[in-house]
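Positions are given from 1, in the same order as the sequence printed here.
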Amino acid sequence: MSNISLLRIDDRLIHGQVMTGWVKHLNASKIIIIDNELVNDDFMISVLEMAVPSHMQLNIYSVDNAVSILKNIQNDGRDDQIIILVKSPLPVWELIKQDVNFDTLTVGGMGVNENRTKLYRNLAASQSEREAFREISKTGLPILIQVIPNDNPSDLLQHL
C-alpha cells in the first residue's frame with residue numbers, strides 16, 4: 001500500500017528542517033506539495049525543485065487535482081514513502097471534504113502575516129485557518145504540533 005508518511009503544514013514548504021529531519025526520519029522518496037497558487041508559479045517551482053535531493057521526486061498539484069491523485073496513491077498498492085506539504089490547514093480541509101483520508105496532520109510552521117495572529121509559540125493562524133483546524137478536528141483526525149521529528153508532539157487543539 002502506498003504510504004503517506006507525513007501530512008505537514010509548513011508555510012515555508014521545503015527548507016532545511018524538512019529536508020534534513022523529516023525526509024531522513026521517514027526515508028521518504030517523494031514530496032507532494034498541494035497549493036493552488038504555487039502550481040502556476042514556474043519560478044517558485046524551479047526553486048523548490050532545486051531544494052529537493054536528486055533521489056527524490058517532487059510533484060505540485062492544485063487541491064482539485066490532488067483529490068484524485070491522493071485517492072489513487074492510497075489505493076495503488078505501491079510502497080512509496082510520501083511527504084505531503086501544504087501552507088495552511090485550508091487545503092487539508094478541502095481534501096477531507098472530498099473524502100481524502102489521512103492518519104495525522106502535523107503542524108510545523110505557520111508564520112505571522114497580515115492575516116494571522118499568534119496561536120502557539122512561533123505558530124500563527126488566521127480566523128479561517130483556526131476554523132479549518134476546528135472542522136478538521138471534528139473528523140477525528142489528530143492535529144499535532146511537531147517542528148522536527150525529535151520534538152515531542154503537542155496537540156494543537158489545546159491552543160485553539
Side-chain angles (χ1 to χ4, degrees), residues 1-39 44 48 51-52 56 58-64 66-67 69-71 73-75 80-160:
M1 176 170 113
S2 283
N3 189 1
I4 295 173
S5 303
L6 178 67
L7 170 61
R8 177 180 169 86
I9 296 174
D10 193 323
D11 56 13
R12 296 179 294 168
L13 297 172
I14 297 173
H15 58 90
Q17 287 176 328
V18 170
M19 299 315 299
T20 60
W22 289 105
V23 169
K24 289 179 182 178
H25 178 72
L26 300 169
N27 196 26
S29 58
K30 184 175 192 175
I31 295 174
I32 295 175
I33 296 173
I34 301 169
D35 187 278
N36 287 339
E37 293 174 14
L38 179 62
V39 75
M44 281 307 301
L48 290 166
V52 175
M56 295 188 72
L58 172 66
N59 295 104
I60 302 170
Y61 302 112
S62 66
V63 171
D64 288 341
V67 170
I69 289 163
L70 293 177
K71 286 182 180 182
I73 285 171
Q74 292 173 333
N75 297 313
D80 298 329
Q81 300 299 310
I82 300 170
I83 295 174
I84 298 176
L85 299 174
V86 294
K87 292 181 181 178
S88 84
L90 300 174
V92 175
W93 178 229
E94 290 304 315
L95 293 165
I96 290 171
K97 289 191 297 188
Q98 296 185 58
D99 297 319
V100 178
N101 299 308
F102 303 102
D103 295 329
T104 305
L105 173 58
T106 303
V107 181
M110 294 176 64
V112 173
N113 65 27
E114 64 276 1
N115 298 315
R116 290 179 173 166
T117 58
K118 184 176 178 175
L119 176 65
Y120 173 73
R121 293 188 181 174
N122 294 331
L123 295 178
S126 67
Q127 283 306 115
S128 61
E129 291 167 335
R130 290 168 194 261
E131 185 57 33
F133 279 131
R134 287 185 193 97
E135 293 300 319
I136 291 166
S137 72
K138 290 178 187 176
T139 71
L141 181 69
I143 306 171
L144 304 175
I145 299 169
Q146 188 175 14
V147 177
I148 58 174
N150 294 337
D151 288 348
N152 288 324
S154 172
D155 184 354
L156 179 116
L157 296 180
Q158 296 174 1
H159 310 288
L160 274 181

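- Taking Asp11 as the reference, Arg116 meet the salt bridge (Lys or Arg N to Asp or Glu O under 4.0 Å) condition, with sequence neighbours excluded.
- Applying the salt bridge (Lys or Arg N to Asp or Glu O under 4.0 Å) test to pairs two or more places apart or on separate chains, those with a residue in residues 28-38 are Asp35-Lys87.
- Rounding to the nearest 0.5 Å places CD1 of Ile148 at 10.5 Å from NE2 of His25.
- Residues Leu38 and Leu13 are in side-chain contact: their nearest non-hydrogen atoms beyond the backbone lie under 4.5 Å apart.
- When side chains are defined from C-beta on, Met110 counts as touching Pro89, because their heavy atoms get closer than 4.5 Å.
- To the nearest 0.5 Å, atom OG1 of residue Thr117 and atom CD of residue Glu129 are 9.5 Å apart.
- Closest approach of Met56 to Ala28, counting heavy atoms only: CE-O, 3.7 Å.
- Heavy-atom minimum distance, Ala66 versus Ile34: CB-CD1, 3.7 Å.
- Residues His15 and Asp10 form a side-chain contact, since some pair of their non-hydrogen atoms from C-beta on lies under 4.5 Å apart.
- With contacts defined as side-chain heavy-atom distances shorter than 4.5 Å, the pair Leu119/Leu160 qualifies.
- Looking at Arg8, its side chain does come within 3.5 Å of a backbone N or O of Val147 through a donor-acceptor pair.
- The side-chain heavy atoms of Phe133 and His159, taken from C-beta on, include no pair separated by under 4.5 Å.
- Minimum heavy-atom separation, Ser62 to Val39: N-CG2, 3.9 Å.
- Heavy-atom neighbours of Asn113 CG from other residues, nucleotides or ligands within 6.0 Å: above the threshold of 12.
- A 4.5 Å side-chain heavy-atom check between Val107 and Tyr120 finds every atom pair outside the cut-off.
- When atom types are taken as modelled, the side chain of Gln146 and the backbone of Asp151 share a donor-acceptor pair closer than 3.5 angstrom.
- Ser137 meets the side-chain hydrogen bond (donor to acceptor under 3.5 Å, both in side chains) test with no other residue; sequence neighbours excluded.
- Note that CG of Asp155 and CD1 of Ile143 are 8.0 Å apart. Values are rounded to the nearest 0.5 Å.
- Across all their heavy atoms, Asn36 and Val63 have their closest contact at OD1-N, 2.8 Å.
- Annotation for Lys97: atom NZ counts as buried by contact number, over 12 foreign heavy atoms lying within 6.0 Å.
- Considering only heavy atoms from C-beta on, Ile14 comes within 4.5 Å of Ile33 through its side chain.
- A distance-only check finds no donor-acceptor pair linking the side chain of Asp80 to the backbone of Ile82 [under 3.5 Å].
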Query - Thr104 vs Leu7, side-chain contact (heavy atoms from CB on, under 4.5 Å): CA-CA, chis, key distance, verdict - result: CA-CA 7 Å; Thr104 305; Leu7 170 61; over 6 Å; no

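- Here the CG atom belonging to Leu6 is positioned 7.0 Å from the CG atom belonging to Leu85, to the nearest 0.5 angstrom.
- Across all their heavy atoms, Phe102 and Ile4 have their closest contact at CE2-CD1, 4.3 Å.
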Query - Residue pair Ile32, Leu70: steps toward the side-chain contact (heavy atoms from CB on, under 4.5 Å) verdict - result: CA-CA 10 Å; Ile32 295 175; Leu70 293 177; 4.2 Å; yes

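- Pro153 places none of its side-chain heavy atoms less than 4.5 Å from the side chain of Thr106.
- Put simply, CG on Asp64 and CD on Glu94 are 8.5 Å apart, with the number rounded to the nearest 0.5 Å.
- Rounded to the nearest 0.5 angstrom, Leu157 CG and Leu144 CG are separated by 9.0 Å.
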